[in-house]
> 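Take a look at this one; I'll ask things after.
In each ligand, atom 1 is the first atom listed, and ligand 1 is the first ligand listed.
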Amino acid sequence: MSALSVRGLTVTYDGTPAVLGADLDVDDGRVLAVLGPSGCGKSTLLRAIAGLEPATGRVGWHDTDVSTVPTHRRGFALMFQDGQLFPQLSVARNVGYPLRIRRTTRAATAARVAELLDLVGLSGLADRLPTTLSGGERQRVALARALAAAPRLLLLDEPLSALDAGLRQRLAEDLRRILVEAGTTALMVTHDHEEAFAVADDLAVMRAGRIVQSGPIAEVWRAPVDPDTALFLGYARVIHGRAADGIADAAGLPDGSAVALRRSALSVADDGPLAGEIVDVRTTPGQLRLVVRTELGELDAVASLDRRLAPGDGVRLRADGTRMATLPGRSDARERALD
Ligand code: ADP
Ligand code: MG
């Protein structure tokens, strides 16, 4: 049985639903990422789960319905995009805050704070004020503070979005390690698919207030429910019709209504099944990026950097079935909608 179960959760602002009939499950010790574009209702969903937003539907924790339990009794902790640290308190006092308001003894608080600062890699910074920290350090403090009271569920609202790209990637990996080491059950919302892949075990895709797909990350990645989902997950392009069938055939995959391709799904290989002529070549640090005119139309492809290729050259292309996904046909989609 799942730890958190959300059923039919709906939040409406002035007659307009911001979250509509959301169903979600998070198992004990697992991290679920809710991935969706800005404005799709992610923060509203999180706030409703925390009990900070009036909602209809059910929020359950194991066998208990907590829908009417006030926020501070749910045992959930919420961490925001901007951390929201107390500016006048040191790092250690920020982290210890949830313990002090629970009247934890001074010695026990100090010990737990030291343990948490160690967990997030900030042991040397206990006495610093938040304004003297980098953005990444501030988010680590916010994370340590959210974990201080050992919440049974940690809710993370775009925890890395305020950071610049390189730091975000590193901190995403750290966040994963910290959550796993602490055995935390967590639900994170984000608009960034790389962040979701780096941190979570399971994925739910949200669009316009609805959860459109959910499951273990690898399953969602392998079988996106529709083109918009595929593109949002990070596939480079979705191809329809005869070209989609031709590429699926070349890769030995079943036909669908469309095929979602990674940038590297088609690559130059002398024994490949698809013949074509190069229209454009661009050099990137890792590979050559080509546009190739084939009988299926103009397609993106890649080649290794040691190839000497130029527009006008004839090439053959191989289709890698592990770098693409066939999307369900329209009739399948309709049947699913009627389920
Ligand atoms: P996300 O976090 O995915 O960017 P939000 O949950 O913040 O999306 O917002 C979802 C929708 O609900 C948006 O259209 C937003 O304008 C609206 N919304 C959010 N909070 C409120 C509010 N307090 N009052 C009215 N509308 C709101
Ligand atoms: Mg938001």
> What about L296 and Y235, same hydrophobic cluster or not, with Ile/Leu/Val/Met/Phe/Trp/Tyr joined at side-chain heavy-atom distances under 4.5 Å?
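No, L296 and Y235 fall in different hydrophobic clusters.
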> Just to confirm my output: which protein heavy-atom neighbour is closest to atom 14 (O) of ligand 1, and how far is it?
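Of every protein heavy atom, G39 O, 4.1 Å lies nearest to atom 14 (O) of ligand 1.
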> Distance alone, cut at 3.5 Å: any donor-acceptor contact between the side chains of S43 and D157?
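Yes - a donor-acceptor pair under 3.5 Å links their side chains.
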> Please state which protein non-hydrogen atom is closest to atom 6 (O) of ligand 1 and give its distance, to 0.1 Å?
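Heavy-atom neighbour on the protein nearest atom 6 (O) of ligand 1: T44 OG1, 2.5 Å.
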> If we count only non-hydrogen protein atoms and require a distance under 4.0 Å, does atom 10 (C) of ligand 1 qualify as touching the protein?
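Yes, there is one.
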> Please could you name the atoms of ligand 1 that K42 approaches to less than 4.0 Å, counting only its heavy atoms?
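Under 4.0 Å from K42, ligand 1 has these atoms: 1 (P), 2 (O), 3 (O), 4 (O), 6 (O), 8 (O).
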> Considering only the protein, which heavy-atom contact is closest to atom 7 (O) of ligand 1, and what is its distance?
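The closest one turns out to be S43 CB, 3.8 Å.
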> Please tell me if atom 3 (O) of ligand 1 is touched by the protein, where touching means a protein heavy-atom distance below 4.0 Å.
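Given the 4.0 Å limit, the answer for atom 3 (O) of ligand 1 is yes, a protein heavy atom qualifies.
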> Identify the residue among L4, T185, L187 that makes a side-chain contact (heavy atoms from CB on, under 4.5 Å) with L32.
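The option that passes is L187.
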> Just by distance, with hydrogens left out, do S67 and R58 show a side-chain donor and acceptor under 3.5 Å apart?
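No, R58 and S67 have no side-chain donor paired with an acceptor closer than 3.5 Å.
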> Closest by any non-hydrogen atom to atom 12 (O) of ligand 1: pick that one out of A18, S38, P17, G36.
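Looking at heavy atoms only, A18 sits closest to atom 12 (O) of ligand 1.
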> Just wondering, is there an N, O or S atom on S38 that's nearer than 2.8 Å to the Mg ion (ligand 2)?
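Under 2.8 Å: S38 has no N, O or S contact with the Mg ion (ligand 2).
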> Can you tell me if Y97 has over 12 outside heavy atoms packed within less than 6.0 Å of its OH?
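Atom OH in Y97 is not packed in, count stays at 12 or less.
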> Please confirm whether P37 approaches ligand 1 to less than 4.0 Å, judged on its heavy atoms.
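Right, P37 reaches ligand 1.
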> Tell me whether the count of non-hydrogen atoms from other residues, nucleotides or ligands lying under 6.0 Å of CZ in R152 goes above 12.
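Check passes, neighbour count above 12.
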> Taking C-beta and beyond as the side chain, do L133 and L125 meet within less than 4.5 Å on heavy atoms?
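When only atoms from C-beta onward are counted, L125 and L133 do touch, with a gap below 4.5 Å.
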> Considering only non-hydrogen protein atoms, determine which one is nearest to atom 8 (O) of ligand 1 and report residue, atom name and distance to 0.1 Å.
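That would be G41 N, 3.2 Å.
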> Would one find an N or O of L45, backbone or side chain, under 3.5 Å from an N or O of ligand 1?
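Between L45 and ligand 1 (N or O atoms, distance only) the closest approach is not under 3.5 Å.
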> Just wondering, more than 12 heavy atoms not from R210 lying within 6.0 Å of its CZ?
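Count not over threshold, so no.
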> At what distance is the nearest protein heavy atom to atom 23 (N) of ligand 1, and which residue and atom is it?
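Ranked first by proximity to atom 23 (N) of ligand 1 is Y13 CE2, 3.7 Å.
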